[in-house]
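Remarks on the structure that follows.
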Amino acid sequence: MAEMASFALWLTVMLFVYAAAAFTLGAPANRRLVTSGQNALWGAALMTTFSSGVLLNRLIALDFSFAYVASHTSTHLPLLYRISAFWAGQEGSLLLWLWLLAVMAAVAIYTKPERMRELMPYAGAVLALTGAFFAVIVALVANPFDQLASRPFEGAGLNLLLQNPGMVVHPPLLFIGYVGLAIPFAFGMASLWRRRSDDAWLKASRPWLIFSWLALTVGIVYGAKWAYVELGWGGYWGWDPVENASLMPWLVATAFIHSSIVQKRLGMFKIWNVVLIATAFGLTLFGTYLTRSGVLNSVHAFGDRALGNYILAMIITATLAVGYLILSRWSVLRSQHRIQRLWSKETGLLTANLLFVTATAAVFIGTMLPLLSEWVGATRMTAGPPFFNRVFVPFALGIVLLAGIGPALRWRTSSGRHMRTRLMIPAVGALLIVGVLIVLGMRRHMALLAVAIASFTGLGALYEMGAGVRRRVKGGSSSLVGAFGSMLVRQNRRYGAYFVHLALAIMVIGFTGSSMFALEQDTVMHAGDTVGLGSYEVTFSGLKEARTDGVEAVVYTDLDVKKNGTGIGPLRPETVFTANSEEPASEVAILGSLAEDLYVVLSGWSGRDTAMFKMIINPMVSWIWIGMYLMVAGTLVAVGMRYIPVTARDRDRSHPAVLAQLSEGGTKE
Amino acid sequence: MKTRVRVGFAVAIILTAMGFLMASSLQSSSTYYFTVAEVHGQAKQLTGRHLRVAGEVQVGSIDYNPEAFHLDFSITDGQRSIPVAYKGVRPNNFTDQAPVIVEGKLEKGGLFRVDRLLVQCPSKYETELPDVSPQQSRTGEI
């Protein structure tokens, strides 16, 4: 079995190399060669599926003769976590990367839209080359099928912290996001290769781009949620190198989503767009390098220098190739148009892009600081949350502000009066909200600024949606709900974007509240004690113990919690002991509401009647998770509506907005 | 063209702002990062400075007083070690030999008083297998 699975990996390498060659030599004329390349991609997908299946099977069967299985599972591990052990370690997670890449590449090349017909082989070659690199790494350096000399009786087990649904979902989502960016990248490189200057590659790769972006977004936020709920330090983001490695591609991908709008609309920013998508994908590769090479000390990182060198080699090769392509095609990409007006939509999008990219650069420099400072010969330095917050937050707020101004800007024309009309209400609303907060006693400038900007953008999105619905109702459509529904379908991209920006505003308010106004307290309590924190009163009545199926022991307590005098139910923080791990794990107890979370950790005890607790009040944390759900909904609205039929009969052709769109060529924003 | 100049101006402003922000943040918010050996070697100069050190928890050095929220241990690189005092809750996976990163000030007597303690994320830390060690397995015969 192990030999077959390893052999399948080497076969994958050969299939990818063959595919790359067949695509390159066969395009554009030799149909048969190109098709055989396509088949080779399917073959690679098949082989990696087989290998992955073998690993999954051995994990579920708890076959400890495999080093990987023995390192990450143990006898009583539930089925769900035997599956998630697949990506718990170096070798398995790289195999997951490879499998996703192989499958996505095969599907992307197979489902070629008509407009990409010419470019498909070249995109296929790029994907095949990337796949070949990864397959070599897995087969040679990080093989999950290494066997042990003698089969141990028990495995090392999966750490308790990883045994929860969050860790089942978070890594695969991130990987889907990372690998998914390879498709737009490949399409972009193909377009460059063929010296094309149109936007076919943008249109063709958009579904993949949005899909990856969505996976990345949910992966990142869900990872933060998992950290918050499981790790017990009360926070959700530590600016750790591995966290940053996921944030940087996300920032660049978001920038790319926005600047590609300008290229599709006005044919501008062509060079910028190819550089951006190459950077986005490059950052995912770089992130892979950071987390696996041990080059940076992080609480998350692996530490395998040899593996790191392979990945670095891949990144350097790719950078050189991409650099060559861009520089040699420079003249083809020069746009016909120039920015005409400062207060136009294209300038707004350019500014937003600039903010995204400089923020990414700041995060990059902060993350790489230990290495960079050594290279320039200074004392090795490191940057922590204070650095990142200082540098990142202002630019992030600038981006949020632009998201609020954006809808009021128009293409190619100055928008002064237009802006005033459309932004007046959101601006006034934001000022009112801030005014209320000041009256209620809030004085921290940064918080007030953040709330002002977030409210402005959120209210702006709501206002635009409301105005659109109102116009439709006036134009004779059905009820409010019906009008809203039809706007969602007819103007799905615009409304989806409004939802996403509204979600962003909501999340920013969540970030502000939880990062600036948290209250924390470590206390020792004896049975019968009551401790106050904020508007809560927490009473401790002694520790209890429970045992489950002979494998676990749980020490817990039911804390009585009162808020403003009213009892709001028991809170149960726990400490869990398992036979498999030497160290106990804490189960955090959270009493969450829209306004704040009461967060309690049982940090220790001496005897049944004395225990130590860490208690935190985190204002508005749930806004972050709510924002995430809304962001997902908005994205689905933006891309999913093509599956709802809109007949010509329904189109309101007399509506001025529709007429304007039709006369401009019908490209929606 | 006037507009291009204005756009160029705006771009320059953004980049300069970021540059300033980064430079000042580097000055005020970055921390020197040393190995255990380096701290030993430069103990005199580093006393009183805010540092970050990475290493392992020395076997047998953990002394935790839960009621006082006081954690004492030694951080080591295998050869040399530094005594550490941390005020706070002992993290879950904090055990002997756990890879840790600590941040704080080196005091006159050589004690490293830390305000930040990070323990390496568990899944990426390969543990010893109960019966067979990995090195042995890869070269051993069936």
Side-chain angles (χ1 to χ4, degrees), chain A residues 67 70-72 88-90 146-150 152-156 158-159 161-162 232 297 299-302 338-342 347 350-351 354-355 358 361-362 365 369-370 379-384 386-387 390-391 394-395 522 524 582-586 601 603-606 610 612 614, chain B residues 1 3-4 6-7 10-11 14-15 17-18 21-22 24-26 28-35 38 52 54 64 66-69 87-95 98-101 103 116 118-132 134 136-142:
Chain A
S71 306
H72 297 98
Q90 183 87 286
D146 283 345
Q147 294 206 283
L148 295 173
S150 65
F153 291 114
E154 179 59 276
L158 194 64
N159 191 290
L161 280 180
L162 300 179
N297 240 306
V299 290
H300 292 83
F302 301 106
R338 292 261 165 273
I339 290 186
Q340 301 274 341
R341 291 275 178 274
L342 203 56
T347 315
L350 171 66
T351 314
L354 209 53
L355 292 176
T358 37
I365 291 176
L369 198 56
T379 332
R380 198 184 311 117
M381 295 196 289
T382 182
F387 172 88
R390 268 188 67 149
V391 168
F395 280 70
D522 289 316
V524 180
E582 289 164 15
E583 283 310 298
S586 249
V601 179
S603 32
W605 59 84
S606 39
T610 308
M612 299 89 205
K614 178 192 274 284
Chain B
M1 276 178 75
T3 313
R4 284 190 75 184
R6 287 159 90 186
V7 170
V11 170
I14 291 177
L15 292 178
M18 177 52 92
L21 212 48
M22 288 217 51
S24 77
S25 304
L26 279 174
S28 64
S29 315
S30 63
T31 318
Y32 288 118
Y33 189 6
F34 290 102
T35 61
E38 285 167 339
R52 176 192 277 213
Y64 183 43
E67 291 204 36
F69 294 101
K87 190 120 174 73
V89 166
R90 173 183 171 161
N92 277 326
N93 40 352
F94 185 82
T95 66
V100 289
I101 297 173
E103 264 180 48
R116 219 166 156 236
L118 301 166
V119 187
Q120 183 131 23
C121 189
S123 74
K124 322 305 186 199
Y125 174 58
E126 294 280 309
T127 51
E128 287 276 307
L129 297 175
D131 293 318
V132 179
Q136 198 182 333
S137 68
R138 302 228 170 143
T139 54
E141 292 173 26
I142 310 283

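This structure is a prediction, so every number in the text was calculated from the model and none was measured.
- In this structure, the separation between CE on M18(B) and CG on L355(A) is 8.0 Å, given to the nearest 0.5 Å.
- Rounded to the nearest 0.5 angstrom, T358(A) OG1 and L21(B) CG are separated by 10.0 Å.
- By number of non-hydrogen pairs under 4.5 angstrom with chain B, the leading residue of V524(A), V601(A), T351(A) is V524(A).
- The OG1 atom of T31(B) sits 11.0 Å away from atom CZ of F387(A), with the distance rounded to the nearest 0.5 Å.
- Between Y33(B) and T379(A) the shortest side-chain heavy-atom distance does not fall below 4.5 Å.
- With a threshold of 4.5 angstrom between heavy atoms, Y32(B) approaches chain A through its backbone and through its side chain.
- The heavy-atom pair separating M381(A) from S30(B) by the smallest distance is SD-OG, 3.6 Å.
- Across all their heavy atoms, S603(A) and Y64(B) have their closest contact at O-OH, 3.9 Å.
- For chain B, the nearby part of S606(A) is the side chain; its heavy atoms alone come within less than 4.5 Å.
- Of all the listed residues (A362(A), G384(A), A383(A)), the one sharing the greatest number of non-hydrogen pairs under 4.5 Å with chain B is A362(A).
- Of the residues considered (T347(A), L369(A), V391(A)), V391(A) shows the highest number of contacts with chain B, using heavy-atom pairs under 4.5 Å.
- The shortest distance between side-chain heavy atoms of M22(B) and I365(A) falls below 4.5 Å.
- In this model, a donor atom of one side chain and an acceptor atom of the other lie less than 3.5 Å apart for R390(A) and S24(B).
- Between R380(A) and F34(B) the shortest heavy-atom distance is NH1-CA, 3.7 Å.
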